[in-house]
There are 2 protein chains.
Amino acid sequence: MSVQERKERERAGRERLIVATARELAEQQGWDAVTTRRLAERIEYSQPVLYSHFRGKREIIGAVALQGAAELAAAVRAATAAADGPRERVYALARAYLDFAARNPAVYDAIFQLDGGLPYAQEDTPEPLKDAFAALLECLGEVAGDGVHPGLFTEVFWASLHGLATLTRAGRLPPEDTEPRVELLVDRLPMV
Amino acid sequence: MSVQERKERERAGRERLIVATARELAEQQGWDAVTTRRLAERIEYSQPVLYSHFRGKREIIGAVALQGAAELAAAVRAATAAADGPRERVYALARAYLDFAARNPAVYDAIFQLDGGLPYAQEDTPEPLKDAFAALLECLGEVAGDGVHPGLFTEVFWASLHGLATLTRAGRLPPEDTEPRVELLVDRLPMV
DNA sequence: ATTCGATCCTAGCGCCGCTAGACAACAGAG
DNA sequence: CTCTGTTGTCTAGCGGCGCTAGGATCGAAT
């Protein structure tokens with residue numbers, strides 16, 4: 001039995017290595033550079049080994065997305081917990097969210113832009129994704145305003161942040177005025 | 001002279017055919033299906049002909065983006081011109097923008113998501129792109145509120161719409177509640 | 001009629017995601 | 001300790017991608 005356990009541990013370790021390497025490569029050179037050949041070379045195994053862990057490249061992206069979603073949730077919770085008052089909490093959330101997107105662009109893409117084969121906004125949505133939304137909801141639900149559904153408000157605020165994050169990083173918005181944009185959003189959307 | 005003119009006309013016509021075909025194919029089967037081989041086959045020329053018009057696939061995407069941006073600007077202007085009062089104009093703008101994104105997803109991607117090799121938010125940005133932003137600014141500038149720069153407000157409102165459009169189409173937001181989301185955005189962000 | 005340049009196509013390069021089938025390594029049985 | 005069967009890994013290759021070199025063809029101008 002112990003032999004089997006050891007093999008399973010090794011297998012799990014290698015799977016983590018694959019995900020970590022894919023993430024690293026994506027952050028360094030973009031997702032286009034994450035090819036199965038390069039990935040295999042970096043983990044010092046042959047290509048088919050990847051396919052014994054994941055159905056394909058898509059699932060690898062999905063694995064990075066799940067890992068990233070957990071980190072995003074943690075970052076948002078940490079930031080909001082350290083802030084006093086509703087307005088400050090919302091501001092801290094916005095900053096934490098945009099900082100995460102700016103510092104981990106490839107991971108952010110894996111979660112929100114690329115096709116990782118994951119179900120979103122359904123009952124079988126993986127826990128980390130649900131939890132990331134829950135982290136936003138915990139803070140934003142209390143500033144939705146009277147008669148506005150907390151979930152709906154969270155969706156709209158989140159979408160606004162997402163728009164700022166993606167348009168900025170795609171060069172569609174000049175990066176200079178990020179700060180006043182966040183201020184404007186935080187001043188207008190929530191009822192504080 | 002007339003011979004040369006005819007050839008130039010034919011050349012221009014073929015270029016339009018390439019762009020139109022790429023757009024059609026992208027809307028039908030997604031941008032991944034727009035390969036140089038398939039595109040060449042559809043226009044009934046060989047692959048290298050594409051490269052006598054465009055530097056590569058990227059530039060073809062860029063051409064579709066410019067065409068789309070002009071249409072988006074026109075759609076926004078038409079919708080806002082037909083609305084009475086600031087609040088209604090902003091609402092009409094939001095609906096027109098999101099409708100365009102929903103009805104022309106591939107074109108929308110070409111403009112705002114994909115790399116078409118175009119410069120954005122710079123002085124050498126192509127006219128259609130500047131004009132699309134201008135169309136938004138014309139309507140949104142007047143509801144920015146006191147002390148808020150019209151351009152900045154337009155950027156934020158636009159980013160919010162962009163977030164709603166992309167997250168909805170990527171399946172990250174359930175499509176049912178689109179309407180109340182737009183209402184919320186229009187009620188809160190502008191000063192009407 | 002002949003030249004000569006523009007135009008277009010065939011063929012192919014190196015890369016991609018993915019997989020079939022050969023081969024080695026090793027746990028468990030005798 | 002040897003044999004055997006499974007498990008795991010690799011080599012090699014398929015079809016398709018963006019892109020390009022070089023040769024054939026066609027038509028305008030002499």
Side-chain angles (χ1 to χ4, degrees), chain A residues 1-19 21-23 25-26 28-65 106 109-110 114-118, chain B residues 1-19 21-23 25-26 28-65 106 109-110 114-118:
Chain A
M1 279 303 142
S2 172
V3 169
Q4 215 167 9
E5 287 174 10
R6 191 203 67 212
K7 289 201 173 183
E8 277 178 25
R9 270 202 314 278
E10 287 172 358
R11 219 186 131 69
R14 198 172 56 180
E15 189 158 315
R16 279 194 299 273
L17 177 63
I18 292 172
V19 175
T21 306
R23 175 175 177 165
L25 195 49
Q28 283 171 359
Q29 306 178 233
W31 277 107
D32 281 351
V34 182
T35 70
T36 54
R37 276 168 237 273
R38 256 193 285 261
L39 191 48
E41 197 189 4
R42 284 225 184 177
I43 64 168
E44 295 181 312
Y45 281 96
S46 68
Q47 270 181 290
V49 166
L50 299 174
Y51 292 86
S52 76
H53 288 271
F54 301 95
R55 287 176 162 277
K57 188 181 171 180
R58 172 187 302 197
E59 273 198 5
I60 298 177
I61 296 174
V64 172
D109 281 349
L114 301 177
D115 178 12
L118 301 172
Chain B
M1 278 302 142
S2 172
V3 169
Q4 214 167 6
E5 286 175 11
R6 192 203 66 213
K7 289 201 173 185
E8 278 179 24
R9 268 202 316 276
E10 288 172 355
R11 217 185 133 68
R14 198 172 55 182
E15 189 157 317
R16 278 194 300 275
L17 177 63
I18 293 172
V19 175
T21 305
R23 176 175 176 164
L25 195 50
Q28 282 172 359
Q29 307 180 230
W31 277 106
D32 281 351
V34 183
T35 69
T36 54
R37 277 169 237 272
R38 257 194 285 261
L39 192 47
E41 195 189 5
R42 284 225 184 176
I43 64 169
E44 295 181 309
Y45 282 94
S46 68
Q47 271 181 289
V49 166
L50 300 174
Y51 292 86
S52 75
H53 289 271
F54 302 95
R55 286 177 162 279
K57 189 181 170 179
R58 172 187 301 198
E59 273 197 7
I60 298 177
I61 296 174
V64 172
D109 281 349
L114 301 176
D115 178 12
L118 301 172

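Chain naming here is simple, since letters A, B, ... match the order of the sequence lines and numbering starts at 1 in each.
Between D:dC17 and B:Arg38, a contact under 4.0 Å exists linking OP1 or OP2 to a side-chain N or O. For the pair A:Arg14 and D:dT9, the criterion of a side-chain N or O lying under 4.0 Å from OP1 or OP2 is met. Distances shorter than 4.0 Å separate some side-chain N or O of A:Thr35 from OP1 or OP2 on C:dC16. Here A:Thr36 reaches the OP1 or OP2 of C:dG17: one of its side-chain N or O atoms lies under 4.0 Å away. Contact between the side-chain N/O atoms of B:Arg11 and the OP1/OP2 oxygens of C:dT7 is not found at any separation under 4.0 Å. Listed pair A:Arg37 / C:dC16 meets the phosphate criterion, a side-chain N or O lying under 4.0 Å from OP1 or OP2.
In this structure, of D:dC19, C:dT10, D:dT9, it is D:dC19 that holds the atom nearest to the side chain of B:Tyr51. Checking C:dC18, D:dT9, C:dC9 against every side-chain atom of A:Gln47, the shortest atom distance belongs to C:dC18.
Side-chain contact between B:Glu59 and B:His53 is absent, with no heavy atoms from C-beta onward closer than 4.5 Å.
Within 6.0 Å of CD on B:Glu44 lie no more than 12 heavy atoms contributed by other residues, nucleotides or ligands. Within a 6.0 Å sphere centred on CD of A:Glu41, heavy atoms belonging to other residues, nucleotides or ligands number 12 at most.
Regarding B:Leu39, its CG atom lies at a distance of 14 Å from the C1' atom of D:dC17, rounded to whole Å. Between A:Tyr45 atom OH and D:dT11 atom P there is a gap of 14 Å when expressed in whole angstrom units. Rounded to a whole Å, the CD atom of A:Glu41 is 12 Å from the P atom of C:dC15. With rounding to whole Å, A:Glu15 atom CD is found 16 Å from D:dG8 atom C1'. What separates CD1 of A:Ile61 from C1' of C:dC18 is a distance of 15 Å, to the nearest Å. Rounded to whole angstrom, the span from the CD atom of A:Glu10 across to the P atom of C:dA27 amounts to 10 Å. The CZ atom of A:Arg58 sits 9 Å away from the P atom of C:dC18 (whole-angstrom rounding). Spacing between atom CD of B:Glu8 and atom P of D:dA28 amounts to 15 Å, rounded to whole angstrom units.
Toward the 5' end of DNA chain D, the nearer of the two residues B:Lys57 and A:Val49, judged by each one's closest nucleotide, is A:Val49. Summary of the strand contacts: B:Pro48 and A:Pro48 both lie near DNA chain D, and taking for each the nucleotide with the nearest heavy atom, the more 5' one is attributed to A:Pro48.
With rounding to the nearest 0.5 Å, the separation of OH in A:Tyr51 from OG1 in A:Thr36 is 4.5 Å. Once rounded to the nearest 0.5 Å, the distance linking CD1 of B:Ile60 with OG1 of B:Thr21 reads 10.0 Å.
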